[in-house]
Each structure stands twice: as structure tokens, then as C-alpha cells.
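The figures here come from the full heavy-atom set of this structure, side chains too, leaving out hydrogens, waters and symmetry mates. If you read the sequence from its start, that first residue is 1, and numbering goes on from there.
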Amino acid sequence: MIAMEPENTVAAELSLLVPNGTVLHDGPSLEKYSHDDAEWAPFAPPLAVVLAQTTQEVAAVVRYAGERGIHVVPRGAGTGLSGGANSMENSIVISLELMTVVLEINVADGFAVAEAGVINDSLRQAVAAKGLWYPPDPASYKISTIGGNAATNAGGICCVKYGVTRDYILGMTVVLADGEIVQLGHRTAKGVTGYDLTSLMVGSEGTLGIITEVTVKLPAPHRSRGPEPSSATSRRSPPPETPLQPSRPPELSPLPWN
């Protein structure tokens, strides 16, 4: 689907790269996608907005922009307050909001794979239905995306006890600046060999690459301990301790005298 002015060459060319996505170029759309919730930060309307639906479409747009010297600004739900999704002159905004599929929930190994546009609360509900839990809960958890959470290393009330987003990201799919698609991280409980490029990406806010999928670890929900069982045994007082008695020195036999 294409929404653009016929004379816009960039939008026309982009539409050929994203057959399943959407390319926007009308004035209201460019204004809407030119900034996140940090309207105080500098921004300028982009050349076009691409609503991608696959990692391959994101990669194609990034390669196109790189070949023409056009800036790329990745965007999730636009709920950020730091201006990280604000566009600039000669830029293309790539929105991941249509990539909303939870690809896998592995109960046995305790992880899930989700596209970057999945809403935080939607992921939490999906894994809760399987008896698992995703703890990071930023204040915008009902409207922010899991990809945006990873890009900003979002926290929340639960982070005080359970940690922030970085502590739950096992791996991810990333589109690099040249359009290359790379898989980072692991799906196992332990993965300590090699460089930790996954943690490097978390919190990078799109400056190192565009996160299109994330793999998160899922602990079982925390349950508080119930009251101790009431029984005669549990109420029985322990036996009194036997007082320590001073030890007596051994008796020595007198030495014989000749």
C-alpha cells in the first residue's frame, strides 16, 4: 500500500522495496512521524516514512538509504521522551509498529521470540498464558514496543528487584548500517563465550543497528511464601540444651622410684 505524492521519487522507489509494508509521504504523516513524545528536542520532517513488516524490508530500506547518503531513523511506538526517534533533514523514518508477531514461546527452556513491534503488555499477557513472566515493566508498558524497550534499555517499578530490560535479553536480530542482517546472542540459559554484542546493542537507541526481533528469557512468576504449616510438631519447643560441664583432667599414675 502506498500513500504519497506522485512526484516524490524517494517514496516511489521505496514502495518497490517494501511490497508488504507501507510508504507514507503526505504532510500529516510526515508531521506525525517526525518526533516522539520529546517535542522539545530538534526535529525536521523526513523524506518518507516506511512501515516495514519484515526484517528483509528493513534491510532493503537501510541499503537504499546508505547508497544515497540518506539518514535512517528507526522508530517503535514513539513513546520515548529523549528524542531518539526524532527525524532530521534528508532522512527516512523506518517504523517497526507493524511487526507485531510473537514468533515463539518456549516453555521448557523459558524464553520467547518476538518481533520488535510487539507491545510490552501484549508479550507479558502472551507468556503469562503459558505460566511464564516477563518482568520489565516501563511506565509505558501498555503502549511501548519490546523493540523500543530493548533499544532504550527500559526499566520500570519491577527493575528495583528484578532488573531492567538488558537483564532479560538473550539475543536479537539486527539490521546493520550496510543492510546486513545479523543474529546476536543465544537461546540457552548460559552463553558466556565470545563478545557480548547483545548487551552492546541494548540501550544503543538505533545508533548501532535496527533491532527487528528479540529473544527474552522468561522466569516463572514470583510467588510469595505462604504461612508456615501449623502442627503439633511445629509448635513443640526444642529440647533444652545440656549445659556444658567442665572437663576433668586425666588422673596421672605416680612415677615409680627405684
How long is the span from the CD1 atom in Ile146 to the CD1 atom in Ile169, to the nearest 0.5 Å?
5.5 Å
Same hydrophobic cluster for Leu184 and Tyr195, using side-chain heavy-atom links shorter than 4.5 Å among ILVMFWY?
yes
Would a hydrophobic clustering, with Ile, Leu, Val, Met, Phe, Trp and Tyr connected at side-chain separations under 4.5 Å, put Val107 with Leu218?
yes
Approximate separation, where rounding is to 0.5 Å, of Lys142 NZ and Asp137 CG
12.0 Å
Contact between Glu213 and Val113 at the side-chain level, heavy atoms closer than 4.5 Å - yes or no?
yes
For the pair Thr165 (side chain) and Ala154 (backbone), establish whether a donor and an acceptor sit closer than 3.5 Å, ignoring hydrogens and angles.
yes
Verify whether one side chain among Gln183 and Thr173 offers a donor that lies under 3.5 Å from an acceptor in the other.
yes
Determine the minimum heavy-atom distance between Asp178 and Glu180, stating which atoms define it.
OD1-N, 3.0 Å
Can you find a heavy atom in the side chain of Tyr64 that is under 4.5 Å from one in the side chain of Val50?
no
Using distance alone, with no hydrogens and no angle criterion, decide if Asn86 and Ser34 have a side-chain donor and acceptor under 3.5 Å apart.
no
Under 3.5 Å donor-acceptor, Arg75 side chain and Ile94 backbone
no
Taking all heavy atoms of Cys159 and all of Gly155, pick out the closest pair and write down the distance.
CB-CA, 4.2 Å
Euclidean distance, Leu197 CG relative to Met172 CE, rounded to 0.5 Å:
10.0 Å
Looking at Pro46, is its backbone amide N or carbonyl O close enough to the side chain of Ser91 to form a donor-acceptor pair, meaning the two atoms are under 3.5 Å apart?
no
For the side chain of Asp36 and the backbone of Gly83, is there at least one donor-acceptor N/O pair under 3.5 Å apart?
yes
Measure from the side-chain N and O atoms of Ser140 to the backbone N and O of Ile143, and report whether any donor-acceptor pair falls under 3.5 Å.
no
Check whether any side-chain heavy atom of His25 lies under 4.5 Å from a side-chain heavy atom of Val49, and answer yes or no.
no
Side chains of Val93 and Val72 in contact at under 4.5 Å (non-hydrogen atoms)
no
Looking at Ile157, I want to see if its CD1 is surrounded by more than 12 non-hydrogen atoms of other residues, nucleotides or ligands under 6.0 Å.
no
Contact check, side chains of Val118 and Val101, non-hydrogen atoms, under 4.5 Å:
no
Does a side-chain heavy-atom distance below 4.5 Å link Val202 with Leu200?
no
Applying side-chain contact (heavy atoms from CB on, under 4.5 Å), run through Arg124 and Ile119 and close with a yes or a no.
CA-CA 9 Å; Arg124 289 164 65 93; Ile119 298 298; over 6 Å; no
For Ala112 versus Val127, what's the shortest heavy-atom pair and its separation?
CB-CG1, 4.2 Å
Set of side chain to side chain donor-acceptor pair (under 3.5 Å) partners for Tyr33, sequence neighbours left out:
Glu97
Looking at side-chain heavy atoms only, is the closest gap between Pro219 and Pro135 below 4.5 Å?
yes
Is the ring centre of Tyr168 less than 6.0 Å from the ring centre of Trp133?
no
Between Tyr141 and Leu123, does a side-chain contact (heavy atoms from CB on, under 4.5 Å) hold up when you go through it step by step?
CA-CA 10 Å; Tyr141 73 95; Leu123 177 62; over 6 Å; no
Nearest 0.5 angstrom please: Leu176 CG to Arg63 CZ, how far?
11.5 Å
Straight-line distance of Asn149 CG to Asn120 CG, nearest 0.5 Å:
5.0 Å
Side chain proximity check, Val174 to Thr212, heavy atoms < 4.5 angstrom
no
Any chance you could lay out the side-chain contact (heavy atoms from CB on, under 4.5 Å) test for Ser82 and Glu205, step after step, and finish with the verdict?
CA-CA 10 Å; Ser82 62; Glu205 299 203 30; 3.6 Å; yes
Please check if Leu103 and Ile105 belong to a single hydrophobic cluster, counting links between Ile, Leu, Val, Met, Phe, Trp and Tyr side chain heavy atoms closer than 4.5 Å.
no
Applying side-chain contact (heavy atoms from CB on, under 4.5 Å) to Thr55 and Met99, what does each step give before you reach the verdict?
CA-CA 9 Å; Thr55 297; Met99 300 179 65; 4.1 Å; yes
Please check if Phe111 and Met201 belong to a single hydrophobic cluster, counting links between Ile, Leu, Val, Met, Phe, Trp and Tyr side chain heavy atoms closer than 4.5 Å.
no
Are Leu17 and Ile70 joined in one hydrophobic group, where the rule is that I, L, V, M, F, W and Y side chains link up if heavy atoms are under 4.5 Å apart?
yes
State the CD1-CG distance between Ile211 and Leu96, to the nearest 0.5 angstrom.
9.5 Å
